[in-house]
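Just so we're clear, the structure is a prediction, and the values are computed from it rather than from any experiment.
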Amino acid sequence: MNVQEQIKDYITSQPDPKRGDMQELHRFILQVLPGCKLWFLDGKNSENKTVSNPNIGYGFQTMKYADGTTRDFYQIGISANKTGISVYILGIKDKTYLAKTYGKKIGNADVTGYCIKFKTLKDIHIDILEAAIRYGAEQGKLS
């Protein structure tokens, strides 16, 4: 199964209304980042144990770790969780940037160092989410 099929299966496996929000968010990110590399991580480790929620990734960056190793990974990710949807914005060096810059403007969402978590799309301002995604994608290119 290719990445697009995995993404489609993951989104359609979500209950409504989360499924509709995930479909809309997926289309939205593809419009914001046209032609980006797509990723799908099923949330399982090398021993096939579940270690995280499955997630869809967009873009490409090489992450550098403190021990000097590197790993190719996505820049922006989305995942369904028990209470809603999480948008991950990776590669931002300043872990306070997202919360300081977008936290008060985005609407009803929890904003941490690299995650924007909300219940439904109607709870947030999509234009502010777009600005955060664009910023994250640009920062990921610099990492």
Side-chain angles (χ1 to χ4, degrees), residues 1-95 97-99 101-103 105-143:
M1 189 180 319
N2 70 32
V3 172
Q4 278 97 347
E5 291 169 334
Q6 290 175 307
I7 291 169
K8 183 180 179 194
D9 285 353
Y10 172 60
I11 291 173
T12 57
S13 74
Q14 300 304 313
D16 266 334
K18 193 181 297 184
R19 175 182 20 214
D21 280 353
M22 292 284 289
Q23 286 171 327
E24 188 175 332
L25 189 55
H26 178 63
R27 281 193 299 271
F28 174 74
I29 294 173
L30 290 175
Q31 287 176 342
V32 174
L33 305 172
C36 68
K37 177 180 171 77
L38 287 175
W39 305 66
F40 181 78
L41 283 72
D42 64 5
K44 298 185 188 293
N45 67 11
S46 59
E47 296 158 9
N48 208 32
K49 291 185 181 176
T50 300
V51 294
S52 71
N53 290 328
N55 53 86
I56 303 167
Y58 307 85
F60 178 86
Q61 67 178 319
T62 301
M63 297 177 71
K64 296 177 184 105
Y65 294 98
D67 67 1
T69 60
T70 61
R71 175 182 179 195
D72 292 344
F73 210 60
Y74 57 77
Q75 297 167 296
I76 309 298
I78 64 172
S79 179
N81 58 55
K82 285 183 182 179
T83 59
I85 299 170
S86 295
V87 176
Y88 305 101
I89 301 179
L90 307 175
I92 299 174
K93 302 282 188 257
D94 179 354
K95 298 302 174 205
Y97 183 83
L98 278 182
T101 307
Y102 306 108
K105 300 181 211 170
I106 200 158
N108 190 11
D110 292 325
V111 183
T112 64
Y114 65 93
C115 182
I116 299 170
K117 188 163 114 176
F118 49 91
K119 187 169 183 173
T120 68
L121 277 177
K122 69 179 186 219
D123 292 335
I124 63 165
H125 300 290
I126 199 78
D127 57 327
I128 303 300
L129 180 62
E130 178 179 354
I133 288 169
R134 288 187 185 282
Y135 179 82
E138 190 57 39
Q139 293 305 298
K141 291 176 189 172
L142 306 174
S143 66

> Between Asp21 and Leu121, is there a donor-acceptor pair closer than 3.5 Å when you use the side chain of the first and the backbone of the second?
Replying inline: yes
>> Testing the basics here: between Leu33 and Ala137, what is the closest heavy-atom pair and its distance to 0.1 Å?
In response: CD2-CB, 3.6 Å
>> Quick check: do Ile85 and Phe118 have side-chain heavy atoms less than 4.5 Å from each other?
In response: yes
> After noting the C-alpha distance and the side-chain angles of Ile56 and Ile29, does the key distance pass the side chain to side chain contact (heavy atoms under 4.5 Å, CB included) rule?
Replying inline: CA-CA 11 Å; Ile56 303 167; Ile29 294 173; over 6 Å; no
> Is the shortest heavy-atom distance from the side chain of Asp72 to the side chain of Phe60 under 4.5 Å?
Replying inline: yes
>> Using every non-hydrogen atom in the two residues, find where Ile92 and Lys95 come nearest and quote the distance to one decimal.
In response: O-NZ, 2.8 Å
> For Tyr102, what residues pass the side chain to side chain contact (heavy atoms under 4.5 Å, CB included) criterion, not counting sequence neighbours?
Replying inline: Tyr97, Leu98, Ile128, Ala131, Ala132, Tyr135
> If you measure from NE2 on His26 to CG on Leu38, what distance do you get to the nearest 0.5 Å?
Replying inline: 6.0 Å
> Any chance NZ of Lys49 has more than 12 other-residue heavy atoms, nucleotides or ligands included, within less than 6.0 Å?
Replying inline: no
>> Quick one, Ser86 with Asn81, criterion side-chain hydrogen bond (donor to acceptor under 3.5 Å, both in side chains). Give me CA distance, side-chain angles, the key distance, then yes/no.
In response: CA-CA 7 Å; Ser86 295; Asn81 58 55; 2.8 Å; yes
> Is any side-chain heavy atom of Gln4 closer than 4.5 Å to a side-chain heavy atom of Lys8?
Replying inline: no
>> Working to the nearest 0.5 angstrom, can you tell me the gap between Tyr74 OH and Gln61 CD?
In response: 10.0 Å
> What closest approach, in Å, do Ser79 and Asn55 show between heavy atoms, and which atom pair accounts for it?
Replying inline: CB-CB, 3.8 Å
>> Within this structure, what is the NZ-NZ distance for the pair Lys82 and Lys18, rounded to the nearest 0.5 Å?
In response: 10.5 Å
> What pairs with Asp127 under side chain to side chain contact (heavy atoms under 4.5 Å, CB included), at least two apart in sequence or on another chain?
Replying inline: His125
> Are the side chain of Trp39 and the backbone of Val3 linked by a donor-acceptor contact shorter than 3.5 Å?
Replying inline: no
>> Looking at every heavy atom in both Glu47 and Asn45, which two are closest together, and how far apart are they?
In response: N-OD1, 2.9 Å
>> So if I apply the side chain to side chain contact (heavy atoms under 4.5 Å, CB included) rule between Ile116 and each of Leu129, Ile78, Asp110, Ile133, which one comes out positive?
In response: Leu129
> Are Asp16 and Arg19 ion-paired here, with the side-chain N under 4.0 Å from a carboxylate O?
Replying inline: yes
> Which distance, rounded to the nearest 0.5 Å, do you find between the CZ of Phe73 and the CG of Leu41?
Replying inline: 5.0 Å
>> List the residues meeting side-chain hydrogen bond (donor to acceptor under 3.5 Å, both in side chains) with Asp94, not counting sequence neighbours, and say none if there are none.
In response: Thr96
>> Checking Thr50 against Lys44 for the side chain to side chain contact (heavy atoms under 4.5 Å, CB included) test, could you report, in this order, the C-alpha distance in whole Å, the side-chain angles of both residues, the deciding distance, and whether it holds?
In response: CA-CA 4 Å; Thr50 300; Lys44 298 185 188 293; 3.3 Å; yes
> Do Val87 and Leu25 have side chains that get closer than 4.5 Å, going by heavy atoms?
Replying inline: yes
> Please walk me through it: do Arg134 and Glu138 pass salt bridge (charged side-chain N to carboxylate O under 4.0 Å, His left out)?
Replying inline: CA-CA 6 Å; Arg134 288 187 185 282; Glu138 190 57 39; over 6 Å; no
>> For Ala80 versus Met22, what's the shortest heavy-atom pair and its separation?
In response: N-CE, 4.0 Å
> Quick one: CZ on Phe40 to CG on Asp9, what's the gap to the nearest 0.5 Å?
Replying inline: 8.5 Å
>> Using the rule given for side chain to side chain contact (heavy atoms under 4.5 Å, CB included), can you reason through Leu30 versus Tyr58, listing the C-alpha separation, both sets of side-chain angles and the distance that settles it, and then say yes or no?
In response: CA-CA 8 Å; Leu30 290 175; Tyr58 307 85; 4.1 Å; yes
> Below 4.5 Å, heavy atoms only, C-beta onward: do Thr62 and Arg71 meet side chain to side chain?
Replying inline: no
> Judged by atom type as modelled, is there a donor-acceptor pair below 3.5 Å linking the side chain of Thr70 to the main-chain atoms of Met63?
Replying inline: no
> Atom NZ of Lys117 and atom CD1 of Ile124: how far apart are they, to the nearest 0.5 Å?
Replying inline: 14.0 Å
